[in-house]
Amino acid sequence: MNTPTLASANMPFFQKMIFGDHGASEAAAWSDGLFMMITWFSAFFFVLLMGLMVAFVIIYRRRPGVPAKPSPSHNLNIEILWTVIPSASMLVMFVLGVRGYAMKMVAPDAAMELKVDAWKWAWKVTYPNGASSPETNFLSFESNMAQLEAGSTDPWMETKGLEYPVFYVPEDTAVSLRMNSQDVIHSFWIPEFRTKMDVIPNRYTGYAFHTPKLRDSDSVLDTSSMMQIPGRDMWIFCAEYCGDEHSRMAATLRVVPQETYDAKIKEWGQDKDPVVLGESLYKTMCKICHSVDGTPGTGPTWSSGNGFGFGYEAALANGQSVMRDDNYYRESILDPNAKVVSGFVPSMPAFQGQLSEDEIHGLIMYIQSLSDRNPNASESGEDNQQADDSAGSEG
Amino acid sequence: MQTTLDADTTPAPAHIANHPTHWRNRPFAAHFRTRDDDFDASKFGMWLFLTTEVLLFAGIFCAYAVFRMMYPEAWSNGSHHLDWRFGAGNTVVLLVSSWTAASAVRCAQLNKQKWLKINLIITLICAALFLFIKFKFEYSVKLGDGKAPGTFFSYAFAESPYEILWWSLYYMGTGLHALHVVIGGCLLGWVLYRSWKYQAYGPTEYLMVENSALYWHIVDLIWIFLFPLLYLIH
Amino acid sequence: MSSTDHAHHEGESYFDGPPGVLSKVWQWMSTVDHKKIGVMYLVAVLFMFFLGGVSALAVRYELLDPVRTVETMNEAGEMIQYTTGERLAGLTNIMGAKNANEVYNRIFTLHGAIMVFMFIIPSIPASLGNFFLPIMLGAKDVAFPRLNLLSWYIYVIGCLFGVFSILLGGVDTGWTFYTPYSTTTDADHWRVVLMILAAFILGFSSILTGMNFVVTVHKLRAPGMGWFDMPLFIWGVYATAIIQVLATPVVGITLLLLVFERVMHIGIFDPSMGGDPVLYQHFFWFYSHPVVYVMILPGMGIVSELLAVHSRKHIFGYRAIAFSSLGIAAVSFLVWGHHIFTAMGELAAVLFSGLTFLVAIPTAIKVFNWIATLYKGSIAINTPMLYGLIFLFTFSIGGLTGLPLATLATDLHLHDTYYVVAHFHYTMMGGTVMAFMGGLHHWWPKMFGKMYSEKGAMTGTVLVFIGFNLTFFTQFFLGTQGMPRRYANYVDEFQTLHMISTYGSWILLLGFLVHLGTFIVSLIAGDKAPPNPWGGLTLEWETESPPIEHNFHHEPIVTHGPYDFDKVVPPHWDPKDYPLPENPSSH
Ligand code: HEA
Ligand code: HEA
Ligand code: CUA
Ligand SMILES: [Cu+2]
């Protein structure tokens, strides 16, 4: 149950075929109902018209020597009829549509507000206590576990994709979103709530939803404790085209009992070992472009070797080179286009204003820990020395 | 008023009297039934085209209105940087030229060849004057101050970060308009050339004069909107 | 439709030219004859359709399966990692892209941009419209023949800009060029600017064609042809031309601002400078919504002709259809906001939703009228008619699925999903392209003087119909279930539907290849077409097939309506060749 699913049981056949699942909130169920109503209405007219068309084609098919029979060229009554009926029904659709829209947009006063930030290409949710979620989740983790449990080892095959951040919300709670983008336009879509809104730079947008009550069968794998806990996962997709990794700008929304939620955000709100903090930030925010195992990506890898990594000289696109030290990293994170590494397109978003001092520190500590010239690692004192030397010789 | 001067109604000099481009000898397009149809069609086409011109500028005006609402101070600062006297001067220049352009049409209809040319020349001088004022006293001074569009903006005393948007719109609007002045000037210059060389326009053949003049009126009209929006409203 | 003489003349057909290849080429390239220009447009737009189709096939090919990173053990027991499902990855270096995703993004952008700007907008009006509008009006040419040629050249130059941009690697902005993505992507390249300029230039071509048609309809109708004696195809093209003239300049200035935004950051649409990216969307859709009716109105015009002629019936509610074209043209300017419900304020959203429903009413009226036209007809089942019926089927689905999109509550879910993709393919492909194919078959004998093989054409038609529905009906389900559009990669559970869709696109390809083959065979070895193979009553059937140089031997005078099949014997009708049911008056 670790991957979000869009499918579940017992609902009308066509609705199941169309949506795959119940909407997860009252507003969602309501708009599904409206959709089905419009669809049945359309189907009625479609079948009626196509039925007539086929019938006419068969009945009045051409027979040589038989002319078309005379028939009226217009008929005011019937024309009024087929203008008024569609108009009236569309008026109904319009009104109901506005009502459903209000249900999705307007947040109750008591709603819990989450801050959503977006950039190319990740989501970050900040909880009311200022913490953000460090947990991630593998796309195809489940199938791997299943295979392991089933004891299938030959060939031992694991499919994995990116790790997506997991955002927690308590069950049966009104939530409102306050969203803003750092770069281009994105769109925060939770299919199971049947609603989305564009996330635009330089302005706040938002919407609201009411999380469902958990069903007895709802359980998910908690990756921090590796235990099944009550909860329900849903996909979050980016629905506005935003570039290369638009199709992987996903995340998981996890509805959990209030206690679990409280415990989690309390834990995240506390101070942490900088390296651990850095690593969790890395997974949720940087991993889409930077690897830590030397493989190339949209951005340079953070591990050392091949001229990358902390303590090694960076060749810049403008022909100069610069030593990768704390200050260089700080600048690279806050204002990435100030010094562009040669061979890369300057496509990294600026994280100025996005990260707290602790977080920047954590990231730099984490990056350092990946290098064989890590100044903090006790056993690599020599490497450290070396790094200082080369820095000195440069200056 | 010009009747006394009219040596103009005299027939064309012999060497162009039978020239196919002389106004008396010009045929109309063969797929029309009558010369009137041809004429009406072309004029109608021109009106449609002018509609598209107005709509083209409508985009600029919309953007102007939107940002004016968003950043009223920037807009007010921006327009304070413009000297209304140059704007007003150019407005007068364009109004005069519009009047002479209209007179040129009238002269062609009355076969006053000499006054046709004089009117056209005045119009062209006005066009040049307009561009001169625009470039010499406005653009080059402002560009010198660093009040340039987009990346080139380097004016150090801007009071609002959004003034740069004002300047962008200013240059887009007036630049596009200046381009239209140039195009209109070319059209009128062509008309002048042909009437000089062939007496190509006269009572039965003044379509090109009329259409060019119409174009010129639109150029004028657009300025009449740009001027108060940019220079007068603070 | 007129009282011209009915004798056959041995006139020169419009494409008989001087001998010699070079002089022939020159004759075509410098022609001001609307028929030749129409044919030149036809060739050009079909070529663009082909290019757009090829990129569509590439899009579908990539989507056969989702991308997976697979980790497995090889024989030696080592862990190895590889990626499956990046089917276009091979193009990465060729296109100079950063990765396989970018390849995909560029390809769907090219697909959209080519299909919209270079194929579908000019398709029917500029090819069939150019060829038949003057003839159906009884005129010798369009009002401004030289301007007409100029439009064609501008069109070609625009296409060359686009193709050049593609050769440089293509763009990955989406056909909508939304800022700030479009102004920041590939910042150091000219490709994006070239593509935007292509759209800008094509706009000019579109404006000039539109102007030309409006004036032609006003000034060049044959003596005796009042507004309500015009064939409905003309009404459709006329309404289209009005939209083209009024909407295109706005996108012109928008694209121009976009170009300046890219090359010198004027900031109007750039949020980091205080500009407004949503303003761009408003500007863009102010043009691009009306433009969807530029696409469909000429198609609707064709369908009116097809249904009337091939069932030998006067159109039911002629005036209602004519006026609804104008109604659609007028209302289409008020509904652009429905594309950006998720980016605008509540009040505006409600307003635009309401207005959107208004535009559906005239369309619904048309559909009802068309079905009523079939009643008591004498319905021939041939390729043009079949396409007419297919249009009714697929376009109705396309239009009806526009209703949940216009409804606010449901659009919040469906926006930017495959539901929208399916909707617009059902309207553009299922509407315009089907009508275009129908019109092409209907007028093929007239344009080229050759009959085509009915068997071949029918085979193609059936394949296209099946392939089309397989490809796109599945996408409605994808969309409602949560598949966003413009995704190079997707969640596993969508794979089955995506696979069906891709297989459908192969059948589509097959169908179009059969059509292409049929047309080529017809040109080479087709029977000579009689002047009036279908027994039509509009003026184009009164001249030779193919038409002579100035269309008619004598100026036609209109004495009856375009669809008076029950009153008039079709001119030039030779029952020996093409038996039609007899008309009452022919006894
Ligand atoms: C030929 C092109 C064409 C046509 C004709 C239409 C026709 C319509 N379109 Fe469509 N549309 C597009 C092309 C077209 N569209 C494109 C290209 C896009 C996406 C662009 C992009 O984002 O890339 C789009 C997107 C789009 C959206 C935005 C979706 C989103 O992004 O969230 C909406 C929303 O309102 C919409 C609505 C409609 C409506 C209400 C009609 C109406 O005009 C339809 C009217 C027709 C009918 C109603 C059916 C026929 C009638 C009957 C069978 C009779 C019975 C009917 C009744 C009783 C009602 N369209
Ligand atoms: C006219 C408009 C048009 C047409 C006809 C088509 C036709 C097709 N389209 Fe496309 N499509 C768009 C306009 C169109 N499209 C637009 C605007 C977008 C949005 C882009 C964006 O998001 O920016 C889009 C997006 C789009 C997507 C979504 C991509 C995404 O969001 O990730 C997909 C996916 O399946 C797709 C598929 C197809 C397919 C399989 C066809 C097939 O029907 C194609 C079949 C055609 C052929 C196979 C060519 C065969 C031709 C010949 C052999 C020669 C012709 C000769 C004669 C006819 C005589 N299209
Ligand atoms: Cu972010 Cu798409
Ligand atoms: Cu629309």
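Proteins get letters first, then strands, A, B, ... in listed order; numbering begins at 1 in each.
- Within the 4.5 angstrom heavy-atom criterion, atoms from both the backbone and the side chain of A:W82 approach chain C.
- For A:D32 and A:R194, the salt-bridge test passes: some basic side-chain N is under 4.0 Å from an acidic carboxylate O.
- Looking at A:S87, both its backbone and its side chain come within 4.5 Å of chain C, counting heavy atoms on both sides.
- The aromatic rings of A:Y60 and A:F56 sit tilted relative to each other, their planes meeting at an angle between 30° and 60°.
- With a 4.5 Å cut-off on side-chain heavy atoms, C:Y487 and C:F108 do not count as touching.
- With chain C as the partner, the residue from A:K104, A:M50, A:R99, A:K196 showing the most heavy-atom pairs under 4.5 Å is A:K196.
- Considering only heavy-atom pairs separated by less than 4.5 Å from chain C, the leading option among A:M93, A:K69, A:H246, A:M197 is A:H246.
- By the 30° and 60° cut-offs, the orientation of the rings of C:Y280 relative to C:Y178 is perpendicular.
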Point to revise | side chain to side chain contact (heavy atoms under 4.5 Å, CB included) assessment of A:Y241 paired with A:I185 | key: CA-CA 8 Å; A:Y241 175 68; A:I185 303 177; over 6 Å; no
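- For the ring pair (Phe, Tyr, Trp, His ring centres under 6.0 Å) test with C:W370, the passing option among C:F316, C:F391, C:Y375 is C:F391; the others fail.
- Considering only heavy-atom pairs separated by less than 4.5 Å from chain C, the leading option among A:M17, A:M105, A:K120, A:E79 is A:M17.
- In this structure, C:S353 and A:F94 have side chains that are in contact, with non-hydrogen atoms separated by less than 4.5 Å.
- Options A:S73, A:P72, A:A28 differ in how many heavy-atom pairs under 4.5 Å they form with chain C, and the most are formed by A:S73.
- Both the backbone and the side chain of C:I397 come within less than 4.5 Å of a heavy atom of chain A.
- Neither the backbone nor the side chain of C:T401 comes within less than 4.5 Å of any heavy atom of chain A.
- A:I78 touches chain C through its side chain: at least one heavy atom from C-beta onward sits under 4.5 Å away, while N, CA, C and O do not.
- Proximity to chain C involves both the backbone and the side chain of A:P201, based on heavy atoms less than 4.5 angstrom apart.
- For an aromatic pair to be called close, the ring centres must be under 6.0 Å apart, and C:Y419 with C:F477 fails this.
- Contacts between C:A406 and chain A at a heavy-atom distance below 4.5 Å are absent for every atom of the residue.
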